[in-house]
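Below is one structure, written out as structure tokens, with a few remarks after it.
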Number of protein chains: 2
Amino acid sequence: MSTASTRRPARDRILDTACELFYAHGIHAVGVDRLIAESGVAKATLYKQFPSKDDVVAAYLRRMDDRWQRGLRSTALAAGDDPREQLVGVFVALEHAAREGTLGCAFINAAAEYHPGSTAHAITAEHKRAVRAWVRDLTAAAGAADPDTLALQLTLLIDGTLAATRVEHADVAAGAARQAAQAMIDSACPQPD
Amino acid sequence: MSTASTRRPARDRILDTACELFYAHGIHAVGVDRLIAESGVAKATLYKQFPSKDDVVAAYLRRMDDRWQRGLRSTALAAGDDPREQLVGVFVALEHAAREGTLGCAFINAAAEYHPGSTAHAITAEHKRAVRAWVRDLTAAAGAADPDTLALQLTLLIDGTLAATRVEHADVAAGAARQAAQAMIDSACPQPD
DNA sequence: ATTGCAGTAGACAGACCTGTCTGTTAACTT
DNA sequence: AAGTTAACAGACAGGTCTGTCTACTGCAAT
């Protein structure tokens, strides 16, 4: 058919569907059959692209990680030059996400389905470490007295907000988180302006 | 055998095992067969006590809710009479839990495995509401200017800490959370002493 | 034109899932 | 001692899971 050349490659379609279904319903709740049915791909194609379902899961998490890192960076860019404002910008973005009805953190969700020590846990831990390191760079740039602790506290607040958005429309919660973050940043960073 | 009379009733043994396995491995990852094998119960017994696996899951969550509420109350009792100290006591308890290697919040974990709108989500939302209401009573008693917002912020911090303890040994994180909570409480509650 | 490649469609195997059913054993009650 | 009840052991049904395999289709490049 004529749309064949314009259609996204099979691997991408699989991952598109995986992101949608795994994120909304959980990983174990979505079988390979449903995955291929909704992505319009033959089973053999899926197993050619990915040796097993676990590899689809890993690729799903890696893609989500990419999205997050990209999102964080563009959020910071949009928030201006002041690292303090960039940090608060992250929480503003969370507020928007909560208003749109996000379904929580894909990594926390994935870790919930697996025993500690599993690959999903490892990828989740790695993602959290990366985000925390990124936040830590900002808290350090903001001149925080103890950038590590402040970064830790802010990421805990982020994770709490994300967890809340999984179970309810948490725009109020996200607003409260933004406000708390602002206060924590203000009190931890001596302002030299 | 002679231990039969001292043995816990079948229903309790099923729930004991459910708490252990569902919490550690996730709900979908644990089948009924494994449940009965590890609790030493016949399949017919399980299906006599619970109409379906979903009912086991609901009972599991209800028991976890009980445990939490009980734990919160005894934590508050142990922390003294001052509501501010009781609030901080919750975070001290989280620190202990993180040190023992807790596996996160059973409700956040359960919600991650189901689509929004499911029973697991409803029970989770109800649990979170109850905890938040309990914390709100304390923030009000502590004389917070805006007890609702402070309660929201503290519960977000709690959830974030719990989410972190699922993916890593988060004793440092829990300590940072306690410190942040202390600061938030101090700045939000005018101290009349 | 033909060869190769990537994808589609779908049958199939074997394991595991939930849930039912039949029988047996052991304890408690009267 | 007899009867009742609860629990045990495990076969079984019907469905779904992951993963493999065969056969067909369309496109692209030589």
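Letters A, B, ... are given to chains in the order of the sequence lines, protein chains preceding strands, and every chain is numbered from 1.
- The existence of a salt bridge linking B/Asp148 and B/Arg132 is excluded, since no basic side-chain nitrogen approaches an acidic carboxylate oxygen closer than 4.0 Å.
- A/Lys48 places its NZ atom 11 Å from the P atom of C/dT8, with the value rounded to the nearest Å.
- Looking at A/Gln69 and A/Trp134, their side chains never come closer than 4.5 Å, going by heavy atoms from C-beta outward.
- One finds a side-chain N or O of B/Arg13 lying less than 4.0 angstrom from the OP1 or OP2 phosphate oxygen of D/dC8.
- Residue A/Gln49 places no side-chain N or O under 4.0 Å from the OP1 or OP2 atom of C/dA6.
- Per the geometry, CG belonging to A/Leu35 stands 16 Å off C1' belonging to C/dT8, to the nearest Å.
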Exercise for review: Could you go through the salt bridge (charged side-chain N to carboxylate O under 4.0 Å, His left out) check for A/Asp16 and A/Arg11 one step at a time?
Suggested key: CA-CA 9 Å; A/Asp16 290 344; A/Arg11 189 189 167 92; over 6 Å; no

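- Aromatic pair A/His127/A/Phe107: ring centres closer than 6.0 Å.
- Rounded to whole Å, the distance from CZ on B/Phe50 to P on C/dT20 is 15 Å.
- In summary, the aromatic rings of B/His28 and B/Tyr114 are positioned with their centroids under 6.0 Å apart.
- Across the protein-nucleic acid pair, A/Glu38 atom CD and C/dT8 atom P stand 15 Å apart, rounded to whole Å.
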Point to revise | Summary of protein contacts for nucleotides 10-19 of chain C, nucleotide by nucleotide, where a base hit scores B, a sugar-phosphate-only hit scores S (4.0 Å, heavy atoms) | key: --------BB

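- A donor-acceptor contact closer than 3.5 angstrom is absent between the side chains of B/Thr124 and B/His121.
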